[in-house]
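Every value quoted in this text rests on a predicted model; they were computed, and no experiment measured them.
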Protein chains: 2
Amino acid sequence: MQSSRNYVPKNPVHIECNIEKTLEVLGGKWAFLVLRELFGGKKRFGELQRAIPHVSPRALTSTLRHLEAKGVLERHVYPTVPVTVEYKLTPKGEDLHPIIKQMKLWAAKWT
Amino acid sequence: MQSSRNYVPKNPVHIECNIEKTLEVLGGKWAFLVLRELFGGKKRFGELQRAIPHVSPRALTSTLRHLEAKGVLERHVYPTVPVTVEYKLTPKGEDLHPIIKQMKLWAAKWT
């Protein structure tokens, strides 16, 4: 069996499930739209809510917590009155930009 | 107002909602995984089902119909006994490849 090792193609399972891993982080529609906003720089909760049509505060909170837990964004709390909470992409989050960019390009061409 | 036209930035609304348009086509997790399989060439229903872990026949049928309706794939029926049904990406579908590729690259780097 050892001698035939070079003839066995590489198992593609690992590469294939990278798509699933990315989808697990991106989660759903709101995650993509939150990322879209944060590529332009840090934003407060209210700014995100105004920028993303039809998102409920509950869905936005849950999406932001999910993305924070996945290490895609950071939450910064400033002790102002009332408290200021800002969301900012991490380098891991910034690196999602090519995906969103390709989605924009595809729609511009085909829809 | 005419004279100030050059100073008005382009309205970004159209570009931004391209992400939503792409998400509408891609729909959800199963759509991404069906595309992943079809980038390798045409496939029969049973081949897709075996290649995508945990997908139910019902979810797979619904995903394939959605992608066909969006013009992303074509369904070819061959009058064999039993009938052979093959699914194949259209050029519009092939053009989704850069999105999936960027998702793979991101996961390879960060997960």
Side-chain angles (χ1 to χ4, degrees), chain A residues 9-40 43 48 50-55 63 67 69-73 89-111, chain B residues 9-40 43 48 50-55 63 67 69-73 89-111:
Chain A
K10 263 179 85 174
N11 189 332
V13 167
H14 178 68
I15 290 173
E16 287 177 0
C17 64
N18 275 346
I19 297 168
E20 289 174 78
K21 284 184 204 164
T22 305
L23 286 173
E24 211 175 278
V25 172
L26 292 174
K29 179 184 169 181
W30 299 126
F32 283 92
L33 301 182
V34 164
L35 289 170
R36 177 190 76 187
E37 293 307 317
L38 293 181
F39 288 130
K43 291 246 168 24
L48 288 171
R50 280 189 296 278
I52 302 172
H54 313 303
V55 72
T63 302
L67 293 174
K70 294 291 181 184
V72 162
L73 60 77
L89 292 178
T90 61
K92 185 177 178 179
E94 296 280 0
D95 243 16
L96 289 162
H97 196 239
I99 300 172
I100 306 285
K101 191 183 156 195
Q102 290 299 335
M103 291 174 75
K104 284 186 188 182
L105 290 174
W106 184 85
K109 184 170 174 187
W110 290 103
T111 64
Chain B
K10 265 180 82 174
N11 188 332
V13 168
H14 178 68
I15 291 173
E16 286 176 1
C17 66
N18 275 347
I19 297 168
E20 289 175 77
K21 284 185 204 164
T22 305
L23 287 173
E24 211 175 278
V25 172
L26 292 174
K29 179 184 169 180
W30 300 127
F32 283 92
L33 301 182
V34 165
L35 290 170
R36 176 190 76 187
E37 293 307 317
L38 293 180
F39 288 130
K43 291 247 168 25
L48 288 170
R50 279 189 295 278
I52 302 171
H54 313 304
V55 72
T63 302
L67 293 174
K70 295 291 182 184
V72 162
L73 59 77
L89 292 179
T90 61
K92 185 177 177 179
E94 295 280 0
D95 244 16
L96 290 163
H97 196 239
I99 300 172
I100 306 285
K101 191 183 156 194
Q102 290 299 333
M103 292 174 75
K104 282 186 190 182
L105 290 174
W106 184 86
K109 185 171 173 187
W110 290 102
T111 65

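A distance of 6.5 Å separates CG of L23(B) from CG of L33(A), quoted to the nearest 0.5 Å. We find the CH2-CG distance between W106(B) and L96(A) to be 5.0 Å, quoted to the nearest 0.5 Å. The CG atom of D95(A) sits 9.5 Å away from the CD atom of Q102(B) when rounded to the nearest 0.5 Å. Atom CD of residue E20(B) and atom CD1 of residue I52(A) lie 9.0 Å apart, to the nearest 0.5 angstrom.
Residues meeting the side-chain contact (heavy atoms from CB on, under 4.5 Å) test with K43(A), sequence neighbours left out: E37(A), L38(A), E47(A), L48(A). A search for salt bridge (Lys or Arg N to Asp or Glu O under 4.0 Å) contacts involving K70(B) returns E24(B), not counting sequence neighbours.
M103(A) places none of its side-chain heavy atoms less than 4.5 Å from the side chain of N18(B). Counting heavy atoms from C-beta on, the side chains of V25(A) and W110(B) never come closer than 4.5 Å. Side-chain contact between T22(A) and F32(B) is absent, with no heavy atoms from C-beta onward closer than 4.5 Å.
Neither the backbone nor the side chain of K101(A) comes within contact range of chain B; no heavy atoms are under 4.5 Å apart.
Taking chain B as the reference chain and counting heavy-atom pairs below 4.5 Å, the highest number among P53(A), G71(A), P91(A), A107(A) is found for A107(A).
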